[in-house]
Trainee: 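This is the structure I want to talk about, given as structure tokens.
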Amino acid sequence: VGKVKSVEKELIEEETILEKELKTQGDGWGIFIPPRLVYKTLNYNKFKKYIAKKLKEIDEEEYVVIHGRAATSGDIALYNTHPILFYGKEDFITDPLIDEIEIKVSKKELLLFHNGIIGEYSDLNNIIIIKNKILYEIKPKEKYKFNDTKRFVEKIKVLSYNKILEKIEKESDTNRFALINIKEQTITLFGRWHKFKDIYTSVYILDINYNSTCNLPYYKWEYDIWKKSL
């Protein structure tokens with residue numbers, strides 16, 4: 001999570017340790033660009049080319065959120081690549097020949113970035129998916145398809161916004177989350193985050209030339225990191 005000017009410097013202009021760390025997460029990359037743009041891909045070269053172009057088109061003081069996925073459950077697929085959309089139909093695209101997607105999300109959308117494992121949702125128990133207002137149970141042969149983050153979102157997205165915040169907070173002791181509320185234009189961080197130069201990371205990154213860390217509980221940052229009107 002960082003301002004455009006910081007992200008450009010660390011990921012585009014220079015091959016820093018942060019860029020190398022992101023590249024090693026080889027199972028999918030995603031970015032949120034305010035106010036309403038999401039891009040996901042399974043190809044890192046496409047990802048870097050995309051953000052190099054797009055970041056030049058927005059204010060350098062804006063905050064963006066980037067995720068590199070190292071799969072622990074679920075398919076290596078766009079629907080498991082972060083951010084996970086709460087309501088968008090685009091998160092059910094299953095065509096294996098599609099390895100990138102750009103989405104202009106709804107003003108009512110919530111987006112979730114996650115680092116960690118939500119144990120309750122990483123096993124193979126049956127889950128219920130709500131798609132196009134229809135409830136259906138995942139078939140046994142599909143149980144491996146969705147990762148724990150996707151299952152978690154499908155479970156909590158029917159709740160009120162405050163209840164969604166509570167559910168994410170409950171899992172934040174051992175997980176890190178960034179929740180984006182498009183309507184409110186807020187980024188809320190949950191869990192323990194680190195500061196690498198001017199970027200907040202969900203993992204501790206040690207640079208032999210620069211070592212700065214910031215361990216803060218989520219509530220110190222709630223609604224403070226980024227908030228603006230559409």
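In this chain, residues are counted from 1 in sequence order.
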Trainee: Under 3.5 Å, is there a donor on one side chain and an acceptor on the other for Tyr79 and Asp75?
Mentor: yes
Trainee: Looking only at atom types and distance, does a side-chain atom of Asp198 sit under 3.5 Å from a main-chain N or O of Ser6, one as donor and one as acceptor?
Mentor: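 Not confirmed, Asp198 side chain does not pair with Ser6 backbone.
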Trainee: Working note: Glu154 + Lys150, criterion salt bridge (Lys or Arg N to Asp or Glu O under 4.0 Å); need CA distance, chi angles, decisive distance, verdict.
Mentor: CA-CA 6 Å; Glu154 290 299 320; Lys150 181 70 174 170; 3.6 Å; yes
Trainee: Could you please spell out the steps behind the side chain to side chain contact (heavy atoms under 4.5 Å, CB included) verdict for Ile103 and Ile101?
Mentor: CA-CA 6 Å; Ile103 309 166; Ile101 185 171; 3.8 Å; yes
Trainee: Could you grab the distance from atom OG of Ser202 to atom CZ of Arg192, nearest 0.5 Å is fine?
Mentor: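 If we round to the nearest 0.5 Å, Ser202:OG and Arg192:CZ are 13.5 Å apart.
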Trainee: Please report the closest heavy-atom contact between Glu171 and Asn175, naming both atoms and the distance.
Mentor: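 Where Glu171 meets Asn175 most closely, the heavy atoms are O-ND2, 2.9 Å.
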Trainee: If we ignore hydrogens and angles and just use 3.5 Å, is the side chain of Gln185 paired with the main-chain N or O of Pro35 as donor and acceptor?
Mentor: yes
Trainee: Check whether any side-chain heavy atom of Asn43 sits under 4.5 Å from a side-chain heavy atom of Trp29, and report yes or no.
Mentor: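 No, side chains not in contact.
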Trainee: Supply the atom-to-atom distance Ser172 OG to Lys167 NZ, rounded to the nearest 0.5 angstrom.
Mentor: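 That separation rounds to 13.5 Å.
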Trainee: Check this for me, if you would: do Asp99 and Lys46 make a salt bridge, where the nitrogen-to-carboxylate-oxygen distance has to be below 4.0 angstrom?
Mentor: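 Result for this pair is yes, salt bridge flagged.
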Trainee: Okay, side chain of His67, backbone of His114: is any donor-acceptor separation there less than 3.5 Å?
Mentor: yes
Trainee: Can a donor-acceptor pair be found, under 3.5 Å and without considering hydrogens, that links the side chain of Arg176 to the backbone of Gly191?
Mentor: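 Side chain of Arg176 to backbone of Gly191, a donor-acceptor pair under 3.5 Å: no, none is there.
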Trainee: Rounded to the nearest 0.5 Å, how far apart are NZ of Lys9 and CD1 of Ile12?
Mentor: 14.0 Å
Trainee: Please report the shortest heavy-atom distance between Asp27 and Leu42, naming the atom on each side.
Mentor: O-CD2, 4.0 Å
Trainee: Strictly below 4.0 Å, N to O, side chains only: are Glu61 and Lys5 in salt-bridge contact?
Mentor: yes
Trainee: Could you tell me whether the side chain of Lys108 reaches within less than 4.5 Å of the side chain of Ile182, counting heavy atoms only?
Mentor: no
Trainee: Starting at CD of Glu60, measure out to NZ of Lys3 and round the result to the nearest 0.5 Å.
Mentor: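 Here the interatomic distance stands at 9.0 Å.
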Trainee: Does any non-hydrogen side-chain atom of Ile187 lie less than 4.5 Å from one of Leu179?
Mentor: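 The answer is no; the side chains never approach within 4.5 Å.
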Trainee: Would you check if the side chain of Asp148 reaches a backbone N or O of Ile118 as a donor-acceptor pair within less than 3.5 Å?
Mentor: yes
Trainee: Can any side-chain N or O of Arg69 pair as donor or acceptor with the backbone N or O of Gly26 at less than 3.5 Å?
Mentor: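 Flag not set: sc Arg69 to bb Gly26 has no pair under 3.5 Å.
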Trainee: Check Gln25 against Ala70 and note the closest heavy-atom contact, atom names and distance.
Mentor: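 Nearest pair, atom of Gln25 first, then Ala70: OE1-CB, 3.1 Å.
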Trainee: Quick one, Glu57 with Lys54, criterion side chain to side chain contact (heavy atoms under 4.5 Å, CB included). Give me CA distance, side-chain angles, the key distance, then yes/no.
Mentor: CA-CA 5 Å; Glu57 298 175 357; Lys54 286 294 182 179; 3.5 Å; yes
Trainee: So which heavy atom on Ile33 is nearest to which on Ile58, and how close?
Mentor: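 Closest approach of Ile33 to Ile58: CG2-CD1, 3.5 Å.
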Trainee: Using a 4.5 Å cut-off on heavy atoms from C-beta on, say whether the side chain of Glu21 contacts that of Thr201.
Mentor: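 The answer is no, as the side chains (C-beta and beyond) never meet within the 4.5 Å cut-off.
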Trainee: Under a 3.5 Å threshold, yes or no: a donor from one side chain and an acceptor from the other, between Tyr50 and Glu102?
Mentor: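 Yes, side-chain donor-acceptor contact under 3.5 Å.
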Trainee: Do Leu165 and Phe190 have side-chain heavy atoms sitting under 4.5 Å apart?
Mentor: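 Yes; the side chains approach each other to less than 4.5 Å.
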Trainee: Tell me the closest heavy-atom pair linking Ala178 and Leu189, and the distance in Å.
Mentor: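 Reported closest heavy-atom pair: CB-CD2, 3.7 Å.
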Trainee: Just so I know, are the side chains of Val64 and Phe32 near enough to count as touching, which here means a heavy-atom distance under 4.5 Å?
Mentor: no
Trainee: How far does CG of Leu111 sit from OH of Tyr87, to the nearest 0.5 angstrom?
Mentor: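 Rounded to the nearest 0.5 Å, the CG-OH separation comes to 10.5 Å.
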Trainee: So that I know where these two stand, are Phe113 and His82 an aromatic pair - ring centroids less than 6.0 Å apart?
Mentor: no
Trainee: Which distance, rounded to the nearest 0.5 Å, do you find between the CD1 of Ile66 and the CD1 of Ile31?
Mentor: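 Spacing of CD1 (Ile66) from CD1 (Ile31) equals 4.0 Å.
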Trainee: Any side-chain to backbone donor/acceptor pair from Glu109 onto Leu85? Under 3.5 Å, distance only.
Mentor: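 No, the answer is negative, given that no donor and acceptor are paired below the 3.5 Å cut-off.
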Trainee: Kindly determine whether Leu22 and Tyr44 satisfy side chain to side chain contact (heavy atoms under 4.5 Å, CB included), including the steps that lead there.
Mentor: CA-CA 9 Å; Leu22 182 66; Tyr44 184 75; 4.2 Å; yes
Trainee: How close do Lys40 and Asp91 get, counting heavy atoms only, and between which atoms?
Mentor: NZ-OD1, 2.6 Å
Trainee: Begin from the C-alpha positions of His194 and Val203 and carry the test side chain to side chain contact (heavy atoms under 4.5 Å, CB included) through to its verdict.
Mentor: CA-CA 7 Å; His194 306 273; Val203 295; 5.6 Å; no
Trainee: For Glu166, is there an ion pair with Lys163 - N to carboxylate O distance below 4.0 angstrom?
Mentor: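 A salt bridge links Lys163 with Glu166.
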Trainee: Does any part of the side chain of Leu55, heavy atoms only, come nearer than 4.5 Å to the side chain of Leu11, both counted from C-beta?
Mentor: no
